[in-house]
Structures are given as C-alpha cells and as structure tokens.
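To find a chain, count down the sequence lines: A is the first, B the second, and so on, and within it residues start at 1.
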2 protein chains.
Amino acid sequence: MTKKLETFLERLETTNTVDDLSSLADILRDTYDVKNVSYLATNLNGLPFVSSTYDPKWAQHYEEQKYMLIDPVVRGALMQFNPLDWKRLDWSSKRTRAFFNEAVDFGVGQQGYTIPIRGPNGQTAIFAINHDSNDAGWERYIGEHAHDFMLISHYFHQKALAATHTTEPIEGRDLSPRELDVLKYLGIGLSRGKVADILKISEHTLRVYVDSARYKLGALNTTHAVAIALARGVISV
Amino acid sequence: MTKKLETFLERLETTNTVDDLSSLADILRDTYDVKNVSYLATNLNGLPFVSSTYDPKWAQHYEEQKYMLIDPVVRGALMQFNPLDWKRLDWSSKRTRAFFNEAVDFGVGQQGYTIPIRGPNGQTAIFAINHDSNDAGWERYIGEHAHDFMLISHYFHQKALAATHTTEPIEGRDLSPRELDVLKYLGIGLSRGKVADILKISEHTLRVYVDSARYKLGALNTTHAVAIALARGVISV
DNA sequence: TTCTCCCTCCCCTAAAATAGGGAGGGCTGC
DNA sequence: GCAGCCCTCCCTATTTTAGGGGAGGGAGAA
C-alpha cells in the first residue's frame, strides 16, 4: 500500500456524513497532487451527488446545462467497465470538442482518467482525476497510481452509499422462482401470451405471478416491476 | 504492489481466451495459498461463466440444483456493494446452514470472502476465496490481502468481459432527450397518460417517442425498451 | 397442526399498447 | 441549402394488458 493511499484511508475513517464526503475530493487533490478530483454519483437515493474540486462556476454551469447527459466522459465511462483515459475518447464529434474546450476554460485539466463504479441497485458513479501535463508524463503518472485510484474510487463510493443510507438491504420478500421467470421473460420483450407458452402455464396463471411480483416489489405496473427487478439485479436483460 | 499481485498480473497479460480464464482460479489459489478461489459471472453474453478450484462434483451439483438462486453467499454479495465475509451472513435460516454444510462436505472451506463486481449491462459477477482457518487467522489474512483481492476481482472480470466479447460498445443511435424523458417516467411506473401530462405533450406525441425509442433500442415493446435503457444505464429507477 | 407461501386455473371490463397511415416547423451539420 | 433528425400533433383499427374478483392443492415452517 502506498503512503498516499494510507493517508487517504486514515482520513476516510472519520468520514461519515455527506458533508465529510464533500471535502474528500479536496483532500485527494492535495494528496495526489493533481489539478482536480471529482466524484459524481448519478443515483444515490434517487438523487445525484457530487464531490469535486472543480470551480463552482463550472459545477453550476454543468448542472444548469444538464451536461451530465452529453458529457462524453460520463457517457463513455458509464458504458464500459474499464477506467477511461480521456485521450481515448472519440474526439471526432464537434460537440465533444466544444464541450471539452468549455471545460478547459473553466479550469478543467487537459488530461483525465475516469473510473466507473457501480452499486447493486443502479447506484452508478464515476470517479475522475485530471491534470495538466504532457502525454508521457500523464501515462507514467496513471501507470503508477491506477491501482490506488481504483481502490479509492471504490472506497469513496462505499462511503457515499453509507452516508446516504443507500446500503441498507432492501426490504420486502424475495421473488419466487416463477415470479423471476415471468419477469425475466417479460424483461426481454416477450408478450404475456408468449411467456405463458414458454413456461407452459396459462396466461391467467402468469398474470398472478406478475401481480404478486408487482406487489412484492412495490411496483405500480408490469413495466415498473421489470424495471425494479432489473435495478435490483434479480433479473438481467 | 505486492509480489503476489505482480505475479498474477504478469500471468494475466497472456490471458485472452475463455480457456485461459478457467485456469486463473487455480493460479490464484496457488499464488495466494488458499483452499479455493472462484469467479462466477451471472450474465456474460446472457450465459453464466464459472472459473473455480472447487471439486467438479460440487460445481456440477451446484449447477444441477440451481444453487445459484439460493446460495446465501451469492445472494448476499449481489445485494450489496462491499465485499462480504461469510461469517457476517445471516446464519439463522436452517436452509442456509444446510446448504453450507453440504458445501463443506464437498471440500469448500469454512472461511470465505466474496467480492461482488458489476459491469455496465447487468454483467454481475462475484469473486470469492475461501480457506480453512480460525477466525483470527482469517481476519488477519483478509486484512493483509483485501486490496489485492479487490483489484484481482476487477481484473478478472475485465478479462472475462473481454474474452466473451462483452466489452464492445453498444451499437445504435443515442436516444433524444424527449425519448429519455418518456422512458424515465415509464420506468418509474407511470401510465402513458400521466407521462404525457407531466411532459405537457399529447399522448399521441408521447407514443411517437416510445416508438422511436423502441426502434432505436431494438426493443420488442415498451417494457423491453425500458429494460434495455435501464441496462444501458441511460435511465435509472 | 395450523399458517403461510407457492403454484395453478378461471371469470370479467376498461385501459393501454401496438400497428398502420398522415402532417408541419425547427435545428444542425456538411 | 439540403439532408437528417427532433419535436409536435392527428386518424383508425386490433390486440394485449391491467386490475378486480374467486378457488383449490401442496410444501414447508413455527
């Protein structure tokens, strides 16, 4: 374990509230000597959460313009499993370049490294560091610290989940095998009749499973039930 | 970086096929000197994938009995973000104890540590190590190697995704803001009419968005479209 | 044993989804 | 300037689903 990581983990032990979390980014920036550090969770208790060292003006502008939806870094990172070096983004689009130029104007560094993190219920987040340096220097820096950042992003998310009380196990009973079957097939787009055929039960019976699954999941309708089951990871598409 | 981790990462560089992956568990067991190492992905290209050092009899029995659905370790790990020490499971259920006794009979160690891993499209996996040792020894061992295992589980999953060609970026055009709005509200269980009211558009217009979203996502129906959008992370519940 | 849950089947009506047609104005990139 | 996509609205028609009832047998746990 590196000394820097050790420093961070010590600080992490006293981090329990949302306010504490907000200062973590600053601490990491100072510890790892980079221009900016940011953590952006898209869905903690249904709300986004940000801790970053970016210029508040940029953060505000970013939120006002709903940049989260078009930010190529966010979009890129959320679509893959591996950390993403900003250099490896698709820079062919004019919009991407325009967005990035604007970011740089607000003090965002030229080099960046973004790590996607995912929790059990669609609690997706990204952890990013960025800096101004040449390509070779950046590559060396990332090579040295990639493991640290991977662990840090994980711990950061862990604390964010805990601070927003998103770690409590989900209430409600488990779905029965039949209910899971039904939701699984409905989730891949099959009609109620088709699913009933596949499961070799009547469509009426099938509906009872949908009903009970809906009840257990607290869902308002079938689509909602499938959505919740997906988010909870009990079925997958 | 520890020497053991270094050894593993070197080996990982020549790991590219599914067959290579199968032997990784053995290598890790020998490197880290534990009784068993296992990696279980629930949904790579729609199929489960396993690499483990468990007795093949146990693996076969496990699969035949569909134990994945009731295994308390799997269920526990998939429901949370943090690694799970098997000692911290809920042992009150008779079924849990019976299951575990059976596992021990097949040579599974008494102590265990399971790390959940999640990819961008519901590609969930768990990485587990287990061993026979007393509580104090196990705690010390985990404390020393937790970081290694966290990184290893990540790299393992990365290779599994790559080997099963599950890393390719998703084809298809992006959804328009309006399409995202519609899917988002449908995903939280609102009816078509309600969503139209909220977005202040006619229900007919709304339907056009659902149609185009469905077309873009290659979805068979509305529920499917919401499911795919969720799985891709473009909306969240 | 009793209680709870699971699985299976059936009736009904109203609402929603699907499928196929249209149309016009606006913005953006090449 | 034009092609392409986005947003908005309209029509008719059929099929499917939603959600409300009710009923019985079986397995497992307290």
Could you check which of [options] has an atom nearest any side-chain atom of [X]?
{"X": "A/Ser202", "options": "C/dT8, D/dT16, C/dC10", "result": "C/dC10"}
{"X": "A/Lys216", "options": "C/dC9, C/dC6, D/dC7", "result": "C/dC6"}
{"X": "B/Ser176", "options": "D/dC6, D/dT17, C/dC7", "result": "D/dC6"}
{"X": "A/Arg178", "options": "C/dT18, D/dT8, C/dT8", "result": "C/dT8"}
{"X": "B/Thr222", "options": "D/dT17, D/dT8, C/dA17", "result": "C/dA17"}

Distance in angstrom units between [X] [atom1] and [N] [atom2], rounded:
{"X": "B/Leu206", "N": "D/dT8", "atom1": "CG", "atom2": "C1'", "answer": "12 Å"}
{"X": "A/Asn221", "N": "D/dT16", "atom1": "CG", "atom2": "P", "answer": "19 Å"}
{"X": "B/Leu175", "N": "D/dC7", "atom1": "CG", "atom2": "P", "answer": "10 Å"}
{"X": "A/His204", "N": "D/dA23", "atom1": "NE2", "atom2": "P", "answer": "17 Å"}
{"X": "A/Tyr209", "N": "C/dC9", "atom1": "OH", "atom2": "P", "answer": "8 Å"}
{"X": "B/Ile201", "N": "C/dG24", "atom1": "CD1", "atom2": "P", "answer": "21 Å"}
{"X": "B/Arg214", "N": "C/dG20", "atom1": "CZ", "atom2": "C1'", "answer": "12 Å"}
{"X": "B/Leu190", "N": "C/dA15", "atom1": "CG", "atom2": "P", "answer": "18 Å"}

Using a 4.0 Å heavy-atom cut-off across all strands, classify [X] as base, sugar-phosphate, or nothing.
{"X": "B/Asp211", "answer": "nothing"}
{"X": "B/Gly193", "answer": "nothing"}
{"X": "A/Arg192", "answer": "base"}
{"X": "A/Leu220", "answer": "sugar-phosphate"}
{"X": "B/Thr205", "answer": "base"}
{"X": "A/Val208", "answer": "base"}

Pick out which of A/Phe127, A/Phe149, A/Phe156 makes a ring pair (Phe, Tyr, Trp, His ring centres under 6.0 Å) with A/Tyr39.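 In the set A/Phe127, A/Phe149, A/Phe156, the residue that makes a ring pair (Phe, Tyr, Trp, His ring centres under 6.0 Å) with A/Tyr39 is A/Phe156.
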
Taking N and O atoms by type only, does the side chain of B/Arg207 place a donor or acceptor under 3.5 Å from a partner on the base of C/dG20?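 Yes, a donor-acceptor pair under 3.5 Å.
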
Is there any protein nitrogen or oxygen under 3.5 Å from a nitrogen or oxygen in nucleotides 26-28 of chain D, and what are the pairs?
none

Name all residues meeting the salt bridge (Lys or Arg N to Asp or Glu O under 4.0 Å) criterion together with A/Asp132; count only those two or more places apart in sequence or in a different chain, and write none if there are none.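 Here the qualifying residues are A/Lys35.
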
For atom CZ of B/Phe100, decide whether the heavy atoms of other residues, nucleotides or ligands shown that lie under 6.0 angstrom number more than 12.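 Atom CZ in B/Phe100 is packed in, count exceeds 12.
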
Counting only heavy atoms not in B/Tyr54, do more than 12 sit closer than 6.0 Å to its OH atom?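 For B/Tyr54, atom OH is crowded (more than 12 foreign heavy atoms under 6.0 Å).
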
Is A/Ser51 reaching over with its side chain to a backbone N or O of A/Ser22, donor-acceptor style, under 3.5 angstrom?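 The answer is yes, because a donor-acceptor pair under 3.5 Å joins these two groups.
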
Contact summary for A/Leu183 and A/Ala229, nearest pair of heavy atoms: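 Nearest pair, atom of A/Leu183 first, then A/Ala229: CD1-CB, 3.8 Å.
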
NZ/NE/NH1/NH2 to OD/OE distance under 4.0 Å, A/Asp55 and A/Lys57: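 A salt bridge is absent here (no side-chain N lies under 4.0 Å from a carboxylate O).
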
Could you tabulate the donor-acceptor pairs under 3.5 Å formed by side-chain atoms of residues 186-201 of chain B, not counting sequence neighbours?
from     : atom 1 : to       : atom 2 : distance (Å)
B/Ser191 : OG     : B/Lys194 : N      : 3.3
B/Arg192 : NE     : B/Glu203 : OE2    : 3.1
B/Arg192 : NH2    : B/Glu203 : OE2    : 3.3

